[in-house]
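In what follows, a single structure is set out as structure tokens and then discussed.
Reminder, nothing fancy here: chain letters follow the sequence lines and each chain counts from 1.
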Amino acid sequence: MALFPITSNFEGDFVLQLVAVDTENTMDEVAAAAAHHSVGRRVRARPGQILRVRRQGAEEFFPRSMRLGEAGLKPTETVEIIWQAPQH
Amino acid sequence: MALLNRMDWYDLARTTNWSPKYVTEDELFPPLMSGAFGLPQNAWEKYDEPYKQTYPEYVKVQRDKDAGAYSVKAALERSRIFENADPGWKSVMKAHYGAIARGEYAAASAEARMMRFSKAPGMRNMSTLGCLDEVRHGQMQLYFPHEHVSKDRQMDWAFKAYDTNEWGMIAARHFFDDIMMTRDAISVSIMLTFSFETGFTNMQFLGLAADAAEAGDHTFANLISSIQTDESRHAQIGGPALKVLIENGQKAEAQKRVDIAVWGAWKLFSVLTGPIMDYYTPLEHRKQSFKEFMEEWIVAQFERALTDMGLDLPWYWDIFLKDIAETHHGMHMGSYFWRPTVWWNPAAGVTPDERAWLEEKYPGWNDTWGQCWDVIIDNVVDGNMAMAYPETLPYVCNMCQLPILGTPGKKWNVKDYPLEYNGRLYHFGSEVDRWCFEQEPERYAGHLSIVDRFLAGMIQPMDLGGALAYMNLAPGECGDDAHNYAWAEVYRALRATKKAS
Ligand SMILES: [Fe+2]
Ligand SMILES: [Fe+2]
């Protein structure tokens with residue numbers, strides 16, 4: 001358990017924001033923490049869609065259940081939080 | 001007794017270089033302060049200022065200018081322009097005075113450095129007058145807002161903004177420290193006078209004067225256009241220095257200084273002047289859009305100044321031309337959303353009529369910034385105010401110190417430009433900001449942005465209250481919506497009619 005700052009680049013929003021998360025958080029929890037500062041404030045919710053996390057510029061998302069501490073991110077490194085339609 | 005004509009004696013009188021006998025040239029003109037670029041005194045004696053004025057002429061002209069501006073103020077003092085002004089216009093004045101007034105005094109010290117340490121006698125002459133100009137600008141822009149301090153606490157920021165850690169002021173200080181307070185005389189002439197004053201002060205002081213006159217604020221219009229007549233004279237200090245540098249094989253160094261200063265000036269104007277022109281100034285008083293002003297004053301005029309001088313356009317010119325239609329919309333949204341952290345009350349500027357104007361001036365606005373504003377507007381209309389404020393900090397750039405932002409909505413292009421340097425991860429708002437840092441990393445690497453300070457535990461408690469105290473924003477000074485959300489009534493009415501139909 002350790003507090004860990006990340007920089008959130010949230011799809012559809014206009015600015016990077018500092019988000020405090022924990023190394024124990026899963027990527028779904030990281031996405032939710034980032035969404036708290038964007039969705040409903042400047043970005044409309046997208047019912048039915050989920051949010052995925054990836055390193056800025058990466059193609060691949062981190063696995064949803066991966067813990068932040070395992071992702072190899074540096075403190076304050078920027079992650080992109082991207083809307084994803086449910087996969088069938 | 002007949003007086004000689006100016007040009008019969010000016011050249012002789014300014015021949016004030018001599019060969020030092022008791023000290024070396026480097027002791028007389030320490031390179032760190034003089035910025036000699038390896039050129040001896042006599043190379044700098046070729047410096048020929050395009051604007052030649054003598055001290056008696058200067059005093060006479062300045063006296064008339066002061067008389068004009070002060071008498072307009074005196075005549076209109078009882079007309080209650082301030083009391084009756086649109087709140088958006090008051091915010092323009094507050095933002096302007098806070099960000100500019102004390103910076104003028106700082107500029108006097110930068111001019112004084114050229115006056116003492118430049119090896120070019122002509123530059124020493126011109127900057128003697130330039131220094132007096134900046135003292136005048138400081139004095140006037142502290143005196144004029146003073147009558148409003150008793151009416152409105154935020155006007156006190158005309159006096160104290162530069163002494164605070166308010167985020168916008170950290171950005172302003174970082175820029176002015178870089179281009180004028182910590183540079184040698186020649187670099188000041190390039191970065192402050194040629195790069196910043198030639199185009200950008202024209203924008204702020206003439207563009208804004210046009211809006212002020214439209215808004216009926218003739219005191220402010222006269223004040224700032226009077227100031228600009230000085231700026232347009234001493235802005236010419238840098239040109240001949242660039243010529244000397246280019247003739248002596250120093251073009252690359254000169255170009256680099258221009259490129260750094262123009263970019264920093266652009267970023268500062270995107271947060272200060274952009275929102276003022278496109279959102280705060282009442283719609284009916286807007287002369288041109290910010291982008292149109294930029295195109296006229298910076299793109300057309302400054303481009304010509306650069307090429308006339310034999311310099312190239314900055315390498316990032318294409319990025320810049322794209323950004324003048326985008327960046328300031330984000331800067332406005334940022335200072336509006338984080339409005340408790342500024343010393344003026346931002347006007348939202350997003351009624352249906354204003355949005356139509358924005359869409360016309362910036363095609364695509366509704367699909368981008370408009371999408372974010374839709375959410376903000378809904379929250380205001382619903383009275384869901386907790387969601388119309390932030391709960392964290394925006395990440396700021398380690399070069400310009402302003403939020404790292406881009407275009408939202410359907411053209412989402414927000415991006416971080418990171419750099420690891422000596423084990424520390426830096427973040428930049430653009431490729432250009434990062435490039436500026438990389439030109440001389442040691443110059444900037446030790447600085448802590450407001451976010452770095454927060455993460456280092458320097459802001460306590462680590463919440464909005466702690467942040468406002470750190471930024472020296474006392475209760476009664478924090479910004480809120482300029483019109484107390486009255487603009488949301490239009491949207492309420494629109495909703496009601498929609499429901500009824
Ligand atoms: Fe000035
Ligand atoms: Fe100036």
Side-chain angles (χ1 to χ4, degrees), chain A residues 2-23 25 29-47 49 51-59 61-62 68 71-85, chain B residues 326-327 329-338 368-369 371-379 382 384 386-398 402-418 420 423-429 449-452 454-455 462:
Chain A
L3 265 175
F4 197 89
I6 56 150
T7 303
S8 159
N9 188 7
F10 198 97
E11 184 180 359
D13 206 349
F14 82 107
V15 70
L16 301 188
Q17 296 182 100
L18 179 67
V19 176
V21 277
D22 194 285
T23 49
N25 286 147
E29 288 166 339
V30 168
H36 177 78
H37 298 291
S38 291
V39 178
R41 291 179 207 270
R42 294 172 306 269
V43 179
R44 279 214 199 287
R46 296 192 194 176
Q49 296 198 16
L51 288 164
R52 300 297 304 271
V53 183
R54 69 183 179 205
R55 227 190 211 103
Q56 175 173 285
E59 301 267 305
F61 295 113
F62 293 118
L68 179 64
L73 291 165
K74 298 178 213 80
T76 79
E77 193 168 337
T78 299
V79 290
E80 292 173 340
I81 317 291
I82 304 293
W83 295 101
Q84 194 179 53
Chain B
E326 298 182 10
T327 308
H329 297 297
M331 293 294 176
H332 172 59
M333 184 170 286
S335 45
Y336 184 85
F337 206 79
W338 274 265
T368 50
W369 288 277
Q371 292 214 325
C372 291
W373 278 106
D374 286 340
V375 182
I376 298 172
I377 291 166
D378 279 353
N379 285 329
D382 293 337
N384 190 9
M387 294 299 279
Y389 287 100
E391 286 182 50
T392 188
L393 302 176
Y395 217 99
V396 304
C397 171
N398 281 111
L402 296 170
I404 299 174
L405 44 79
T407 301
K410 289 190 186 160
K411 291 197 179 145
W412 182 62
N413 68 0
V414 185
K415 200 176 158 201
D416 181 23
Y417 293 81
E420 247 188 287
R424 182 175 153 195
L425 180 59
Y426 294 83
H427 300 271
F428 298 96
S449 73
I450 188 116
V451 175
D452 296 325
F454 181 79
L455 291 170
M462 292 175 87

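Within the 4.5 angstrom heavy-atom criterion, only side-chain atoms of B:V451, from C-beta onward, approach chain A. Contacts between A:V39 and chain B at a heavy-atom distance below 4.5 Å involve the backbone alone (N, CA, C, O). For A:E11, the parts lying near chain B are the backbone and the side chain together; criterion is any non-hydrogen pair under 4.5 Å. Within the 4.5 angstrom heavy-atom criterion, only side-chain atoms of B:P418, from C-beta onward, approach chain A. For a residue to count as touching a neighbouring chain, one of its non-hydrogen atoms must lie under 4.5 Å from one of that chain's; by this rule B:K410 does not touch chain A. Heavy atoms of B:H427 lying under 4.5 Å from chain A belong exclusively to its side chain. Of the two parts of B:N379, only the side chain, counted from C-beta on, holds a non-hydrogen atom closer than 4.5 Å to a non-hydrogen atom of chain A. With a 4.5 Å cut-off on non-hydrogen atoms, B:N413 does not touch chain A at all. Only the backbone of B:Y389 comes within contact range of chain A, with at least one heavy atom under 4.5 Å from a heavy atom of that chain. For B:I376, the parts sitting under 4.5 Å from any heavy atom of chain A are the backbone and the side chain alike.
A:Q56 places a side-chain N or O within donor-acceptor distance of the main-chain N or O of B:D416, the cut-off being under 3.5 Å. With B:W369 contributing its side chain and A:F14 its backbone, the two residues share no donor-acceptor pair below 3.5 Å.
In this structure, A:R41 is not positioned above the aromatic face of B:F337 in the sense of NZ or CZ being under 6.0 Å from the six-membered ring centre and within 45° of the axis.
Counting heavy atoms from C-beta on, the side chains of B:V375 and A:V43 never come closer than 4.5 Å. Looking only at side-chain heavy atoms (C-beta outward), B:W338 and A:V15 come within less than 4.5 Å of each other. Two residues are said to be in side-chain contact when any heavy atoms from C-beta on lie closer than 4.5 Å; A:R44 and B:D378 meet this criterion. Between B:Y395 and A:I6, the closest side-chain pair of non-hydrogen atoms is not below 4.5 Å.
Taking OG1 of A:T76 as the reference point, atom CG of B:D452 lies at 8.0 Å (rounded to 0.5 Å). Going from atom NZ of B:K415 over to atom CG of A:L16 covers 11.5 Å, rounded to the nearest 0.5 Å. In this structure, the separation between NE2 on A:H37 and CG on B:L393 is 9.5 Å, given to the nearest 0.5 Å. Taking CG of A:D13 as the start and CE of B:M333 as the end, the distance is 8.5 Å to the nearest 0.5 Å. Once rounded to the nearest 0.5 Å, the distance linking OG1 of A:T7 with CG of B:L425 reads 7.5 Å. To the nearest 0.5 Å, the span separating CD1 on A:I82 from CH2 on B:W412 amounts to 4.0 Å.
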Step-by-step side chain to side chain contact (heavy atoms under 4.5 Å, CB included) determination, B:L455 to A:L18:
CA-CA 10 Å; B:L455 291 170; A:L18 179 67; 4.1 Å; yes
Take A:K74 and B:E420, measure what side chain to side chain contact (heavy atoms under 4.5 Å, CB included) needs, and give me the verdict at the end.
CA-CA 10 Å; A:K74 298 178 213 80; B:E420 247 188 287; 2.9 Å; yes
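When only modelled atom types and interatomic distance are considered, A:H36 and B:E391 share a side-chain donor-acceptor pair under 3.5 Å.
Smallest separation of non-hydrogen atoms from B:C372 and A:G12: SG-O, 3.7 Å.
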